[in-house]
Amino acid sequence: MSISPTSQNRLAQSFIQRTAPMDQEALLKIVVACMVALPLIVFVLYPLIHILGKSIQTPEGIGLGNYYSVLGNRRFLGLVYNSFEVTLVTTALAVVLAYVFAYGIQRTKVPVKNLFRLIALIPLFAPSLVQAQGLLLLLGRNGLVNRTLATDFSIYGYWGIVISSVLYVFPYAFLIFSASLAMADNRLYESSRILGAGPWRTFLTVTLPSTRFATMASIFVVFTLVITDFGNPMVIGGDYNVLATEVYNQVIGQANFELGTVIGMVLLLPVALAVAAEKMFNRNNQIQLADHAQPMAIMPHKLRDVLFTVYTVSVSLCILAVVGIVIFASFTHLWPYRMNFSLRHYAFDVQNGIQPLWNSMYVGLMASGIGVVAAGLGAYVTERFKTFLDSPLYFLCLVPAAVPGMVLGLGYILAFNNPSNPVHAIYGSLLLIAICNVYYYHAQGFLIASTSMKQISSNYDEASATLGGTFARTIRKVTLPMMWPTLLGVAVFFFMRSMVTLSAVIFLITPSSQVAAVSVLLLEDRGAVNQAAAFSVCIMGMVVASLIIARLILNYFGYRNISLIR
Amino acid sequence: MPLDIRNVGKSFGRIKALDDVSLSIGTGELICFLGPSGCGKTTLLRVIAGLERPDSGTVLLDNQDLSTVPARKRNFGMVFQSYTLFPNMTIWANIAYGLECRKWSKKDTALQVNKMLSLVHLEDQAHKYPHQLSGGQQQRVALARALAPGPSVLLLDEPLSALDAKVREELREEIKTLQQRLEITTIMVTHDQEEALTMADRIMVMKDGRVMQTGTPMEIYQLPENPFVAQFIGRMNIVPADIGIPFSSNGGFKGPTPKTLGIRPENIHLLDPPEAEETLIGVVDRILRLGNVTRVKITLKKRSGHDPITLVSEVQGSGRDLHIGEELSLVIDPETVRVLE
Ligand SMILES: Nc1ncnc2c1ncn2[C@@H]1O[C@H](COP(=O)(O)OP(=O)(O)OP(=O)(O)O)[C@@H](O)[C@H]1O
Ligand SMILES: [Mg+2]
């Protein structure tokens with residue numbers, strides 16, 4: 001026999017003797033956990049502390065003076081009111097519209113579902129202010145409707161913000177509801193039917209309760225997105241100001257950092273509460289399907305199917321119209337006066353030329369690279385290490401979700417625009433913009449990675465360890481080969497969001513490091529709608545291209561069921 | 001190599017998964033951890049493997065404390081319940097993995113992998129991927145992978161429970177043969193008592209994180225030390241000591257007065273109605289024909305001061321001459337009656 005007991009002895013002996021008296025493995029784990037925590041502290045907590053510090057800094061020293069002067073100010077209270085008015089109305093509309101849409105896709109016999117699903121997700125591929133941009137082209141003073149019907153109404157203001165915001169958040173709510181409605185135990189529905197319940201009653205007693213966590217989650221997600229969004233209100237708000245635009249005006253317009261930070265802090269509070277609530281509901285949202293749950297069988301129902309088809313088509317047309325008009329406008333000679341076809345706006349004959357597009361791509365690529373490592377390591381450490389640092393680190397990884405992008409960006413100025421801070425070396429560079437995006441979207445990226453890590457049994461790592469595999473070898477040979485499709489998804493996620501985001505980076509750009517989404521905002525602000533539209537179209541093109549490439553790679557290797565759009 | 005587990009304790013929150021567990025395992029011995037679900041078998045195995053840190057106690061290999069030796073340096077081979085073959089590697093690469101970790105030369109690796117493949121009769125599957133193999137084949141590969149680096153101890157966590165009955169029996173034989181050929185100290189977790197009784201040199205029965213009894217299969221089966229073991233291993237009739245069943249004071253029971261007795265069903269013999277007064281008489285309640293044995297449920301004739309007592313007897317053959325409602329006498333050899341409490 002090849003393995004004699006004596007040779008076993010020798011082998012084991014030598015293995016044991018090489019071990020130091022201390023458990024190095026445990027030590028190494030703690031070191032790695034700290035290495036994961038460090039950038040989160042530097043790039044999330046540290047800027048937040050600066051914001052807080054600035055907001056209590058008054059000419060008379062440390063104090064709440066700034067808060068008193070802001071909170072006692074009627075104009076400011078008006079802004080708070082405006083923000084909540086817009087946010088609450090938008091949230092209600094978007095949640096209901098998205099619920100019905102998702103219901104139509106998941107629970108009725110609407111035709112060409114995949115097409116409608118894709119259309120619902122289009123707003124995710126575009127810069128976050130594309131809705132306002134499209135709406136203005138359609139319904140603005142110089143919009144298509146006013147021009148063709150010779151009317152003279154204006155969409156600027158409250159309703160403009162609400163409509164564009166609903167379109168902006170629609171895909172987020174749709175994704176949550178769609179996932180929740182996809183899970184159903186057919187037996188519940190059958191027994192409900194057998195008990196004589198009609199469809200409406202079944203909906204109220206079975207469907208609605210089973211989606212209550214998703215409803216709560218989407219309410220909080222949508223609330224957070226709308227109250228922190230500033231691209232759409234900036235473009236279409238007119239005189240109707242909200243908190244997010246006020247931060248921008250105070251900081252960029254008047255260089256009043258103290259007031260900017262105070263308003264930022266005021267914005268932080270409801271967002272933090274909403275995120276905390278969302279996480280709480282999400283924890284209960286580990287949908288418990290019974291062991292023998294049967295998939296949903298959708299019975300045809302003529303009237304219902306016709307109604308839902310009409311509804312999905314209408315919503316899809318709205319989304320397509322808003323995005324389509326932007327694409328259309330980018331190809332006109334001079335909107336709305338000379339509507340003939342022209343490619344001249346794709347020459348990017350504007351300040352900085354085509355550079356912002358390249359910048360966006362560099363930022364996107366850097367962010368996806370850094371983001372994969374940061375979120376992937378964070379997930380690996382919290383899921384696998386089993387050290388006492390797990391819970392604090394998990395919490396730290398999720399903190400960015402509660403920080404509005406503008407607040408984070410403002411924190412970066414305050415924290416890093418200071419030659420004595422080592423990070424100042426990259427201040428004003430594309431790298432810092434990429435880092436800012438990574439940590440702004442860290443929580444979502446981290447959750448994607450950590451969810452899929454949960455699904456891969458930790459026994460694989462343990463099998464490798466018992467076979468003598470070191471940490472590095474286990475990660476390289478076992479974990480990464482199993483995780484890469486998910487990590488590719490995480491990379492695409494960071495790339496996508498970096499390409500379209502506005503709020504986190506708006507304070508960090510310099511003329512040479514301008515990114516395309518900001519170009520859209522600035523051009524729109526100057527009335528250069530054609531060029532703004534062309535930039536938007538290019539951003540969408542790049543996002544879609546990245547999705548197609550990633551999809552092709554995944555399909556080539558046989559991973560068809562990894563979803564890329566989140 | 002001899003393995004010593006000394007007073008190991010481990011809690012998960014409020015759950016005491018292991019409570020003061022001690023066990024000595026000799027070189028080349030095959031030990032089974034047996035117990036109901038959740039009794040801490042896997043946890044103990046993981047503590048031994050170094051995958052879980054015990055809260056208290058130590059594990060010693062050849063008298064060396066392993067507390068500070070991480071899993072990858074213990075040189076233990078482990079087979080998990082759910083195969084856990086690396087899905088991105090071929091069978092060959094899976095088996096070679098541990099050797100590569102130990103920096104074996106290409107030549108030695110090839111030699112050893114081939115040896116392992118033939119040991120588990122999978123020579124022709126080397127270049128397939130795990131998902132292309134059947135469950136039984138996958139578990140054989142897992143075994144080969146664990147054995148390839150020449151581990152000092154082999155740890156098997158319910159290696160057969162995911163397989164169907166026929167494959168399970170085949171593999172049982174195979175594992176036992178391999179283990180004896182390699183003379184490798186082996187611990188196998190199972191909740192299947194038949195598996196434990198047929199394979200183990202010794203069995204450790206566990207419940208709620210505690211050791212209930214450790215002994216050879218014979219000892220565990222014939223001389224259970226408490227009602228839990230008695231009922232968990234095979235079936236044992238558990239009855240009060242004062243109902244007239246004869247018992248001898250064998251098995252080293254040292255308590256004051258015996259309170260509870262255990263009798264194996266096959267040790268209760270049934271005869272036609274007796275003449276003698278002192279024999280036990282019962283009425284047949286139910287007859288379960290299991291092919292070569294027949295299980296008979298009998299209620300003892302009521303005696304004052306006792307609730308009716310039901311016993312199970314197993315008789316060889318088809319039990320054709322038994323009828324429900326029939327009165328029979330029960331004959332029990334006092335030597336086969338076990339005092340449990
Ligand atoms: N990582 C863990 N976290 C919390 N509790 C755990 C963990 N691992 C085990 N437990 C608990 O410890 C107890 C013992 O678990 P263990 O897995 O060792 O049981 P087992 O005997 O292997 O059971 P089974 O036969 O079901 O595999 C159980 O109550 C289990 O719920
Ligand atoms: Mg177990």
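The figures that follow rest on heavy atoms only: side chains count, while hydrogens, waters and symmetry mates do not. Note that the structure is predicted; figures quoted are calculated from it, not measured. Numbered from 1 within each chain, the chains take letters A, B, ... in sequence-line order.
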Problem - Options B/Pro87, B/Gly28, B/Ala93, ranked by heavy-atom pairs under 4.5 Å with chain A, top entry - result: B/Pro87
Problem - A/Tyr441-A/Phe495 aromatic ring centre distance below 6.0 Å - result: no
Problem - Part of B/Phe80 lying under 4.5 Å from any heavy atom of chain A - result: side chain
Exercise for the section: Name the region of B/Leu85, side chain, backbone, both or neither, that has any atom closer than 4.5 Å to a heavy atom of chain A. Expected result: backbone
Practice task
Using non-hydrogen atoms and a 4.5 Å limit, figure out which bit of B/Glu100 sits close to chain A: side chain, backbone, both or neither.
Solution key: both
Problem - salt_bridge(A/Asp390, A/Arg384) N-O dist < 4.0 Å - result: no
Problem - Pair B/Tyr97-A/Ser464, side-chain donor/acceptor within less than 3.5 Å - result: yes
Exercise for the section: Taking atom types as modelled, find out whether B/Ser67 and B/Asp65 have a side-chain donor-acceptor pair closer than 3.5 angstrom. Expected result: yes
Completion exercise
Honestly, the part of B/Arg46 sitting under 4.5 Å from a heavy atom of chain A is side chain
Exercise for the section: Inspect the contact between B/Asp108 and B/Arg102 and indicate whether a charged nitrogen and a carboxylate oxygen are less than 4.0 angstrom apart. Expected result: no
